[in-house]
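Below is one structure, written out as structure tokens; the observations come after it.
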Number of protein chains: 2
Amino acid sequence: MKSDPLSAAFAALADPTRRAMLTRLCEGEATVNEIAAPFDLSLPAISKHLKVLEGAGLISRGRAAQFRPCRLEPGPLKDVADWVERYRRFWDESLDRLDSYLKEIQHKEKSDDA
Amino acid sequence: MKSDPLSAAFAALADPTRRAMLTRLCEGEATVNEIAAPFDLSLPAISKHLKVLEGAGLISRGRAAQFRPCRLEPGPLKDVADWVERYRRFWDESLDRLDSYLKEIQHKEKSDDA
DNA sequence: AAGTTAATTAGCTTGTTGGTGAAATACAGA
DNA sequence: TCTGTATTTCACCAACAAGCTAATTAACTT
């Protein structure tokens, strides 16, 4: 794992299990067992995934009785969004090009039909 | 490496060298040697990084004489942006409010304990 | 044809990731 | 205090990532 925070965030998000965990945490805090429920994984595996998410700052954990409720921490997600956002113009441009390409194709097809 | 495209994109971005390569490619197409220049890495290492980026669909490569120019392919970046965007509400308008709300809750819970 | 430049592949090492089951820890409740 | 529940830590393993050097392929130049 790279040591810089942005790399850690990307690395943590590069796993569908962990992304699903974050999605679950959108609904609110959850215990480890609640988080584990949808997955066909051992509890230690879940625990490790949570540790990765925690290490990336994507979740934080409280302590309530024997439970260790996790909650979403959006900070690193914002950093990721900010990084990716710098490339927006590239996909906007591509979509524009695709759009005009499709329009051109349609136009040609209409001409062919006629 | 995970097989799903989104995981591949996140994994590819989880490395500062590769992110810097993409940043460089914002300026336009570049050859492998041009891309390699700023880094203190062997050419095979650079080649591997490019292969990861290509595998994630983040770049594509042409062929011109003995050069293999790389160019940015923004599609997966848009997918990443779309995924992250779903979490915007967590940091955007209400980050401060959410934070103080959670702190307040915790405070109440502590008071209840006492 | 021979040499030069661009880039990749091959083979290796090292460290990390993601998983397991078994044991350990922490707390709640009877 | 004993028992059950929640969660983590402890080995351990297989697969993979990232780096290197040396060798190879591909195409231009002389």
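In what follows, every heavy atom counts, from backbone to side chain, and hydrogens, waters and symmetry copies are set aside. Naming convention: chains lettered A, B, ... in sequence-line order (proteins, then strands); numbering from 1 in each chain.
At the phosphate of D:dT7, neither OP1 nor OP2 sits under 4.0 Å from any side-chain N or O atom of A:R63. The side chain of B:N33 contributes no N or O atom lying less than 4.0 Å from OP1 or OP2 of C:dT5. Contact annotation: B:T31 side-chain N/O to C:dA6 OP1/OP2 distance is not under 4.0 Å.
The minimum heavy-atom distance linking B:R24 with B:A30 is given by the pair NH2-CB, 3.5 Å.
Remark: C1' of C:dT17 and CG of A:L41 are 13 Å apart, rounded to the nearest angstrom. Rounding to whole angstrom units, CZ of residue B:F67 and C1' of C:dT8 are separated by 15 Å. To the nearest angstrom, P of D:dA17 lies 13 Å from CG of B:L53. Put simply, CG on A:D40 is 14 Å from C1' on C:dG18, counting in whole angstrom units. Between A:E29 atom CD and D:dA6 atom P the separation is 17 Å, expressed in whole Å. One interatomic measurement links the two molecules: CZ of A:F39 to P of D:dT7, which rounds to 15 Å at whole-angstrom precision. Look at CZ on B:F10: it is 18 Å from C1' on C:dT17, rounded to the nearest Å.
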Under 3.5 Å, which N/O atoms of the protein pair with N/O atoms of nucleotides 8-10 of chain D?
residue, atom, partner, partner atom, Å
D:dT8, OP1, A:R61, NH2, 2.6
D:dT8, OP2, A:S47, OG, 2.6
D:dT8, O5', A:S47, OG, 3.3

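Note on A:A45: a base of the nucleic acid sits closer than 4.0 angstrom, heavy atoms only. Contacts of A:T17 with the nucleic acid, taken as non-hydrogen atoms under 4.0 Å apart, are absent.
Inter-residue side-chain proximity for B:S7 and A:R19 is flagged as met; some heavy-atom pair is nearer than 4.5 Å. Between B:L13 and B:L22, some side-chain heavy-atom pair lies under the 4.5 Å cut-off. Contact annotation: the side chain of B:T17 approaches that of B:F39 to within less than 4.5 Å [non-hydrogen atoms, C-beta and beyond]. Residues A:L50 and A:R68 fail the side-chain proximity criterion, which asks for heavy atoms closer than 4.5 Å.
B:R18 contributes a side-chain N or O that, together with a main-chain N or O of B:A12, makes up a donor-acceptor pair within less than 3.5 Å. Of the possible polar contacts, none joining the B:Y87 side chain to the A:K78 backbone as a donor-acceptor pair under 3.5 Å is found.
Picking from D:dT7, C:dA7, C:dG18 the nucleotide with the shortest atom distance to the side chain of A:H49 gives C:dG18. With D:dA6, C:dG18, C:dA6 as the choices, the nucleotide that has an atom nearest any side-chain atom of A:R18 turns out to be C:dG18. Here the side chain of A:D15 is nearest to one of C:dA7, D:dT7, C:dG18, namely C:dG18.
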